[in-house]
Amino acid sequence: QVQLVESGGGLVQAGGSLRLSCAASGRIFRNIVAGWFRQAPGKEREFVAAISWSGATTWYADSVKGRFTISRDNAKNIVSVQMNNLKPEDTGVYYCAAGSLEPTIDRYSYWGQGTQVTVSS
């Protein structure tokens with residue numbers, strides 16, 4: 001079993017930066033894919049970024065490539081996403097997820113409660 005708790009959300013102006021972190025419990029976390037998804041008001045949840053268990057492979061949505069960087073520290077059971085040059089369209093609730101054979105698909109086994117990110121124009 002894996003429990004995930006996100007932190008780091010908030011309000012930022014366009015062009016600014018935020019760093020989201022996800023603290024995980026459970027020893028299996030270090031052996032599974034972890035990812036971030038987001039959901040804007042009135043829209044479906046969408047893939048943002050994912051990282052393999054070793055950190056050697058990463059995946060990004062086209063909309064965030066070059067602006068977001070996902071990383072993980074398996075010794076601390078933390079996965080993070082550094083978000084730079086934020087845009088108003090990045091606004092939404094960001095969810096941490098873990099455990100999937102298809103990193104970019106919304107079918108992870110474990111989910112956090114989400115953290116709000118609001119980017120003002």
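Quantities reported herein were computed from a predicted structural model and do not represent experimental measurements.
- Judged as a ring-ring contact (aromatic ring centres under 6.0 Å, His included), and not counting sequence neighbours, Y110 has no contacts.
- The minimum heavy-atom distance between L4 and A98, with the atom names listed, is CD1-N, 3.8 Å.
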Open item on the list: Could you go through W36 and C96, starting from their C-alpha distance and side-chain angles, then the distance that decides it, and tell me whether this counts as side chain to side chain contact (heavy atoms under 4.5 Å, CB included)?
Closed with: CA-CA 5 Å; W36 288 91; C96 176; 4.0 Å; yes

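- Under the side-chain hydrogen bond (donor to acceptor under 3.5 Å, both in side chains) criterion, T118 pairs with Q116, not counting sequence neighbours.
- Cluster membership for I32 and I51, using ILVMFWY side-chain heavy atoms within less than 4.5 angstrom, is shared.
- Closest approach of W59 to S52, counting heavy atoms only: CZ3-N, 3.5 Å.
- Taken together through direct or relayed side-chain contacts under 4.5 Å among Ile, Leu, Val, Met, Phe, Trp and Tyr, V33 and V48 form parts of separate hydrophobic clusters.
- Summarising the geometry of L18 relative to G8, their closest heavy-atom pair is CD2-O, 3.9 Å, with the distance given to 0.1 Å.
- Taking 4.5 Å as the limit, every side-chain heavy atom of V5 sits out of range of all side-chain heavy atoms of Q113.
- Listed by chain and residue number, R45 satisfy the side-chain hydrogen bond (donor to acceptor under 3.5 Å, both in side chains) test with D106 (two or more places apart in sequence, or in another chain).
- Checked against side-chain contact (heavy atoms from CB on, under 4.5 Å), A14 has the following partners two or more places apart in sequence or in another chain: P88, V119.
- With sequence neighbours excluded, the residues forming a side-chain contact (heavy atoms from CB on, under 4.5 Å) with S80 are R19, S21, S71, I78, listed by chain and number.
- Looking at heavy atoms from C-beta onward, D90 lies in side-chain contact with R38 at the 4.5 angstrom threshold.
- Contact detail for N84 and S17: the closest heavy-atom pair is OD1-OG, 2.9 Å.
- Aromatic ring pairs are classed by plane angle as parallel below 30°, tilted from 30° to 60° and perpendicular above 60°; the pair F37 and Y108 is perpendicular.
- A distance-only check finds a donor-acceptor pair linking the side chain of N77 to the backbone of G26 [under 3.5 Å].
- Not one N or O on the side chain of Q13 forms a donor-acceptor pair closer than 3.5 Å with the backbone of S120.
- Each of V93, L11, T91, L20 was evaluated against V117; a single residue qualifies, L20, per the side-chain contact (heavy atoms from CB on, under 4.5 Å) test.
- Heavy-atom neighbours of W53 CH2 from other residues, nucleotides or ligands within 6.0 Å: at or below the threshold of 12.
- Within a 6.0 Å sphere centred on CD of Q3, heavy atoms belonging to other residues, nucleotides or ligands number 12 at most.
- With Y60 as the aromatic partner, R67 does not meet the cation-pi criteria of under 6.0 angstrom to the ring centre and within 45 degrees of the ring axis.
- Atom CZ of residue R72 and atom CD1 of residue I70 lie 8.0 Å apart, to the nearest 0.5 angstrom.
- Every side-chain hydrogen bond (donor to acceptor under 3.5 Å, both in side chains) that K65 has, sequence neighbours left out, goes to D62.
- Connection of Y95 to F47 is established within a shared hydrophobic cluster, with ILVMFWY side chains joined at heavy-atom distances below 4.5 Å, either directly or through further cluster members.
- Taken together through direct or relayed side-chain contacts under 4.5 Å among Ile, Leu, Val, Met, Phe, Trp and Tyr, F68 and V79 form part of one hydrophobic cluster.
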